[in-house]
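Side chains included, hydrogens not; waters and symmetry mates left out as well; all remaining heavy atoms used. So that the names make sense, note that chain A is the first sequence line, chain B the second, and so on, each numbered from 1.
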Protein chains: 2
Amino acid sequence: MPDQEQTRLMIKVARLYHTHDMRQTDIAKRLHISQSRVSRLLTQAEEVGLVRTVVAVPAHIHAELEEAVEAAYPVSEVHVVDVVSDDESELGHDLAHAMAMLLAEVTFEAATVGFTSWSRTLRTMVDQMQPLRTRTQQVVELLGDLGPPLLQHDAARSTQRLATLAGAEAVFLRLPGVVPSVEIRDLLVSRDVYAREALALLDGIDLALVGIGACEVDPTLRSGDNFFTHEQFAQMRERGAVGEVCLHFIDADGEPIEGELDDLVIGVTRDQLRAAGRRWAVAGGVRKREAVRAAVKGGWVDTLVTDAATAEYLLA
Amino acid sequence: MPDQEQTRLMIKVARLYHTHDMRQTDIAKRLHISQSRVSRLLTQAEEVGLVRTVVAVPAHIHAELEEAVEAAYPVSEVHVVDVVSDDESELGHDLAHAMAMLLAEVTFEAATVGFTSWSRTLRTMVDQMQPLRTRTQQVVELLGDLGPPLLQHDAARSTQRLATLAGAEAVFLRLPGVVPSVEIRDLLVSRDVYAREALALLDGIDLALVGIGACEVDPTLRSGDNFFTHEQFAQMRERGAVGEVCLHFIDADGEPIEGELDDLVIGVTRDQLRAAGRRWAVAGGVRKREAVRAAVKGGWVDTLVTDAATAEYLLA
DNA sequence: GCTTGGCGCGCATATCTATTCGTAACGCGC
DNA sequence: GCGCGTTACGAATAGATATGCGCGCCAAGC
């Protein structure tokens with residue numbers, strides 16, 4: 001956290017550079033510092049968010065697509081993003097960016113925001129986000145930890161950052177997201193007062209930010225690693241599952257597939273999710289498109305951010 | 001005006017560069033174009049406004065100053081800008097930038113906007129402006145031409161650009177701003193139907209954008225060059241003038257100083273100006289501070305954009 | 001007091017970007 | 001078709017920016 005003086009300097013440099021179009025060398029001379037320092041100050045200014053550069057993609061280039069999807073599915077708002085490539089990671093990046101922009105413009109209030117920090121797209125989004133004006137009091141994690149400790153760390157950081165940006169308190173759910181048995185789940189929950197608080201908050205979510213998963217082991221996770229196994233996924237697919245929202249499996253029509261796996265998850269329940277005021281989802285790409293269709297068809301999300309290819313798939 | 005395809009490319013490049021943080025060389029390889037082209041496309045994207053980089057100066061760092069001035073003078077809004085230097089040209093630049101930002105946020109409607117295109121600060125402002133949402137129908141010049149043909153050309157271009165940005169029609173006042181005698185004025189006006197239209201429009205200005213001038217020959221103009229002479233200014237100073245707003249002289253208390261010079265001006269009248277719904281002025285710097293004080297004291301402006309030093313002078 | 005570690009800075013320079021220049025392609029008048 | 005001006009482009013390179021490295025400063029620990 002840069003101090004007062006540093007910040008003043010950053011602003012001064014940033015303005016001389018960006019608004020007055022001066023070269024770094026000239027700024028350096030003028031302020032009697034080295035060019036390298038100017039360069040570093042500028043980098044900092046970007047990091048801190050003092051300098052923002054936005055690429056104003058003409059909004060709603062895909063307006064027809066959006067309207068068509070909105071008409072065909074029980075979803076209130078669809079945003080179709082013009083992605084630079086269909087490569088999964090870049091696609092995620094673009095979707096994340098778009099959703100960050102969207103959230104920045106939000107005007108409604110949302111005292112309790114639910115957040116799935118294990119979705120990579122959502123974490124990317126948080127990294128790109130600017131301060132929110134949702135008057136949020138708590139940001140609650142919707143699911144326990146998944147994957148290895150490193151990922152858990154990332155997830156926690158992400159939740160924390162979102163909370164900070166929203167001017168809210170971060171409420172963590174620092175338990176495994178998937179456990180081997182109901183007994184273990186109950187045991188863990190009963191012994192963790194923080195987790196119980198978090199789970200209780202999930203009853204009154206105003207805005208849920210969720211991802212949508214294909215019915216398979218996420219490529220970034222490992223089978224069984226605080227997560228369902230390949231076998232468990234296979235089993236659910238046999239029973240018709242094509243995707244999941246917050247680890248709740250749904251079939252091609254978006255109908256929930258109940259089963260014993262539900263009891264192995266520590267996180268938001270189906271009912272709690274359905275009861276959330278707004279449910280924003282971001283997902284796209286070939287791998288997930290079936291899941292996306294199921295999720296919107298079943299009304300699991302009311303605002304969807306996706307790519308053009310997926311939107312077209314939804315209409316096909 | 002770049003064509004469709006060009007624009008798509010610009011957006012793509014801009015996003016790869018700014019949002020995906022790719023190097024120009026990599027973008028070039030990826031899109032099978034040269035790096036120089038990427039560089040040029042990026043420049044274009046900035047020019048066209050597809051890419052905007054803003055330095056988020058914490059708003060109202062000088063809030064106390066602003067409130068103090070608002071309390072001390074009959075002015076409804078004061079914006080004190082944190083300028084990078086007191087050098088006149090840089091100061092103008094900063095003030096212009098601030099005013100452009102301000103106008104971008106404007107929400108009210110203004111069907112007729114009056115504009116003084118011969119104020120350098122205002123022209124700088126127009127260059128930095130983004131499209132407005134004032135639902136403007138006409139942008140009318142408040143004064144005739146001043147200075148040499150080159151300047152007149154600049155002024156016209158500026159008015160045109162402002163009109164374009166506002167989605168409005170530009171109404172020019174293509175006559176000399178200052179003439180040698182009343183007879184000539186009447187003759188010129190009587191023979192120019194466009195000018196008469198423009199002058200008529202000045203009766204119903206919703207928003208006037210004006211500069212404030214010290215009572216002297218503007219350094220960028222020449223004595224008598226479609227402008228008042230040194231002698232005329234001296235004469236007005238003897239009669240107590242300390243500044244002018246749209247070439248109407250005012251004394252230290254902001255009271256108008258009437259006289260024969262009024263009849264030599266082709267442009268908005270005092271009464272027309274006073275009747276304008278909103279009167280936004282931008283001015284600052286040591287040379288003009290006395291004039292600024294007079295202008296706000298006399299209620300000639302209702303929104304003032306100025307620098308901290310001038311604001312402090314107003315309170316001294 | 002003397003290490004030791006961390007940080008902030010400037011120097012030199014590697015890396016990245018803008019510009020110059022030459023070429024080719026296009027439109028336009030003849 | 002043939003100059004002729006205009007525009008768009010890429011190669012080379014001038015120019016601007018980022019970064020590895022080392023130094024000096026400060027603070028904490030012994």
Side-chain angles (χ1 to χ4, degrees), chain A residues 1-57 84-85 87 89-90 93 97 127-128 153 157, chain B residues 1-57 84-85 87 89-90 93-94 97 127-128 153 157 160-161 164:
Chain A
M1 183 59 66
D3 68 356
Q4 187 69 30
E5 194 45 39
Q6 181 88 345
T7 308
R8 292 196 81 78
L9 198 54
M10 264 163 51
I11 296 182
K12 193 147 198 166
V13 167
R15 293 213 314 187
L16 288 171
Y17 189 78
H18 293 288
T19 336
H20 290 254
D21 292 317
M22 282 178 70
R23 314 285 86 204
Q24 293 188 1
T25 326
D26 300 328
I27 300 173
K29 275 189 202 124
R30 172 159 174 173
L31 302 182
H32 304 290
I33 56 181
S34 71
Q35 177 266 319
S36 41
R37 192 157 171 214
V38 173
S39 171
R40 284 191 261 253
L41 282 165
L42 285 169
T43 314
Q44 263 191 72
E46 300 242 328
E47 278 167 5
V48 178
L50 264 172
V51 171
R52 270 182 292 236
T53 98
V54 296
V55 180
V57 176
V84 294
S85 112
D87 168 73
S89 110
E90 291 195 307
H93 197 122
H97 187 81
D127 287 340
Q128 307 197 19
H153 180 73
R157 210 174 33 76
Chain B
M1 181 61 64
D3 69 355
Q4 188 69 28
E5 193 46 36
Q6 182 89 344
T7 308
R8 290 197 80 78
L9 198 54
M10 265 164 48
I11 296 181
K12 193 147 198 166
V13 167
R15 295 213 316 184
L16 287 171
Y17 189 78
H18 293 288
T19 342
H20 289 255
D21 292 319
M22 281 177 71
R23 312 285 87 208
Q24 293 188 0
T25 322
D26 299 328
I27 300 173
K29 275 191 202 123
R30 172 160 174 172
L31 303 181
H32 303 288
I33 56 182
S34 70
Q35 177 265 320
S36 40
R37 193 156 171 215
V38 173
S39 171
R40 283 192 264 252
L41 283 166
L42 285 169
T43 315
Q44 263 192 74
E46 301 242 330
E47 276 167 5
V48 179
L50 264 171
V51 170
R52 270 182 294 235
T53 98
V54 295
V55 180
V57 177
V84 296
S85 109
D87 168 75
S89 110
E90 291 196 307
H93 197 120
D94 280 342
H97 187 81
D127 288 339
Q128 307 197 19
H153 179 73
R157 209 174 34 74
Q160 181 58 63
R161 178 173 156 88
T164 308

The complete set of salt bridge (charged side-chain N to carboxylate O under 4.0 Å, His left out) pairs with one or both residues in residues 26-37 of chain A, sequence neighbours excluded, reads Arg30(A)-Glu90(B)
Of all heavy-atom pairs linking Gln24(A) and Tyr17(A), the shortest is CG-CE1, 3.5 Å
For Ala45(A) and Ala14(A) the tightest heavy-atom approach is CB-CB, 4.5 Å
Ordered by number, residues from residues 21-37 of chain A within less than 4.0 Å of DNA chain C (heavy atoms) are Ile33(A), Ser34(A), Ser36(A), Arg37(A)
Extract all donor-acceptor atom pairs below 3.5 Å that involve side chains of residues 47-55 of chain A and protein atoms in other chains or at least two apart in sequence.
none

If you define the side chain from C-beta out and look only at heavy atoms, does anything of Leu42(A) sit under 4.5 Å from His18(A)?
yes
The ring pair (Phe, Tyr, Trp, His ring centres under 6.0 Å) partners of His97(A) (sequence neighbours excluded) come to none
Contact span of DNA chain D against chain B, any nucleotide atom under 4.0 Å from a heavy atom, 5' to 3', runs dC9(D) to dA11(D)
**Message:** Is the shortest side-chain heavy-atom distance between Val38(B) and Leu16(B) below 4.5 Å?
**Reply:** no
Between CG of Leu9(A) and C1' of dG8(C) the distance, given in whole Å, is 13 Å
Those residues at least two apart in sequence (or on a different chain) that pass ring pair (Phe, Tyr, Trp, His ring centres under 6.0 Å) with His153(A) are none
